[in-house]
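Step one of this worksheet: look at the structure below.
Bear in mind the structure is a predicted one, so any value in this text is a computation, not a measurement. Labels below follow one simple rule: chain letters A, B, ... track the order of the sequence lines, proteins then strands, and each chain is numbered from 1.
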Number of protein chains: 2
Amino acid sequence: MLAPIKIRDASLKQIRHACSNCSLRELCLPVGLSRDEMKQVDQLVTQGRPIRRGEYLYRAGQRFHSIYAVRLGFFKTSVISEDGREQVTGFHMNGELMGLDAISTTRHTCDAVALEDGEICELPFDDFESLARRIPALQHHLYRMMSREIVRDHGVMLLLGNMKAEERIAAFLLNLSERFEQRGYSHSSFHLRMTREEIGSYLGLKLETVSRTLSRFQEQGLVKVQNRLINLTDEAGLRQLVSSCVRD
Amino acid sequence: MLAPIKIRDASLKQIRHACSNCSLRELCLPVGLSRDEMKQVDQLVTQGRPIRRGEYLYRAGQRFHSIYAVRLGFFKTSVISEDGREQVTGFHMNGELMGLDAISTTRHTCDAVALEDGEICELPFDDFESLARRIPALQHHLYRMMSREIVRDHGVMLLLGNMKAEERIAAFLLNLSERFEQRGYSHSSFHLRMTREEIGSYLGLKLETVSRTLSRFQEQGLVKVQNRLINLTDEAGLRQLVSSCVRD
DNA sequence: CGAGGGGTTGACAAAAGTCAATTATGGTGG
DNA sequence: CCACCATAATTGACTTTTGTCAACCCCTCG
């Protein structure tokens, strides 16, 4: 989906200097800016702010000022229905944007909370917009990022609308695996940052179903599960489970 | 969601002149542009092209050049999985945009097909983007429209993830009702443009479940169903069903 | 007027949810 | 460092919801 990083070593150093977090640039910001443009972007992005596990970035209903880029950590966004039931709308990691949904109403429409300690960049949206007018690549990049979010959501709709519990969970694990790998972590062994209930909420399943399905996967030798530690022992098998469906 | 139309009669005439379809402007384009800006926007938007029922606007995989604004008619967008299962991602009417998902990959990610004869405006995206740089309100408006799409998708995720068949269908009918009303049609009596199967695909249900649920609603006096003609006879009752996804 | 697509309905099967009991786990304070 | 508590996770028995398969109707269109 994203342009791979193709930066010569020499210029890499420059970029590191201009923006202290490289993966942020790779994932959130366009490549191919001039040095001057990069400097302007960096001035816009406030330095990463540390966030504690359990801390809310924003809550539904709050006034919208900024979008947020995850620099480090693991976040979830969710909408809460009146009776308190939660629908998790996404899990967000390193280099992903949050808060795009709030642009339309100037109020946040969901909650964003850190599932582990992390670091966040805040991008004041008004400033972003006017800067985007002067830097076409930046403008285009935000359109792309929003479009990506729409595509992602369509993928989730497909999952929720068409897939059985096993397929959903297999797809979920593979998706996490891929995203961890993109960030240089192991694709076959990772730690879930969320509870079974949160997984269930995201996938439209009850926590018991999530638990049972993971157990079954383990019996079948597809994964090894130790609480939140996941080992994908048969990725091909998992892929086969979802192969009937489109993945993002 | 959308800013209501607050235009004095005098200027209304001007606008009608500048853009032959008023509801298009109301829904798709920002208000408050100068006459000159409006003229530029209108030059960008090609005149509405007639579209026949069954005709495809674009298909998944095709190269992306333009976004589309529905001027008249009723469209569905859907992704098809490899094994041929369809997930309808949305129904689109008068004044709504389609194709925003394609920006991220420069290829369309879903199919868009007309469910009845209609008329479509094509907006070449490159031109749109550069014009947006010169007209801040236009740039902002597209960000808003994309954000709206994300919010809408989150709503569907909530529906698919948390609601029972009855709740989904009630929510679906009320949503259609509202959108028809916004466009000046009856909110209590309307014609479904899609089959039970397409409704089911959108709502994550089988067509039999859709049919049965509508029959049950009719027995309960909530609606009157004559094939595709729907009469909402107890909107409050429907609304109660949806909000009683509060069941605890 | 007959074929075919869309729609309804019934009987049954499968999937996931609910309730409840039990077992880990991790964080905290003594 | 350990014991304890609250929270998270697992598992089983049973219920509810939805899907599946099949028969049938109805309407339209060629």
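Salt-bridge check for A:Arg193 with A:Glu116: passed, with a basic side-chain N closer than 4.0 Å to an acidic carboxylate O.
Look at A:Lys164 and you won't find any side-chain N or O under 4.0 angstrom from OP1 or OP2 of C:dA16. Note on B:Ser215: a side-chain N or O is less than 4.0 Å away from OP1 or OP2 of C:dT9. For A:Arg212, no side-chain nitrogen or oxygen approaches OP1 or OP2 of D:dA9 to under 4.0 Å. Contact between the side-chain N/O atoms of B:Arg196 and the OP1/OP2 oxygens of C:dT8 is found at a separation under 4.0 Å. The side chain of B:Thr209 contributes an N or O atom lying less than 4.0 Å from OP1 or OP2 of D:dG19. In terms of phosphate contacts, A:Arg168 brings no side-chain nitrogen or oxygen within less than 4.0 Å of OP1 or OP2 of C:dA16.
Aromatic ring centroids of A:His108 and A:Phe64 lie under 6.0 Å apart. A ring-centre distance under 6.0 Å is not found for B:Tyr185 and B:Phe190.
Considering only the side chain of A:Ala165, C:dA16 comes nearest among C:dA16, C:dG7, D:dG19.
Between the CG atom in A:Leu100 and the CZ atom in A:Phe125 there is a gap of 8.0 Å [rounded to 0.5 Å].
For the pair A:Leu207 and A:Asn227, nearest-nucleotide mapping onto DNA chain C gives the more 5' position to A:Leu207.
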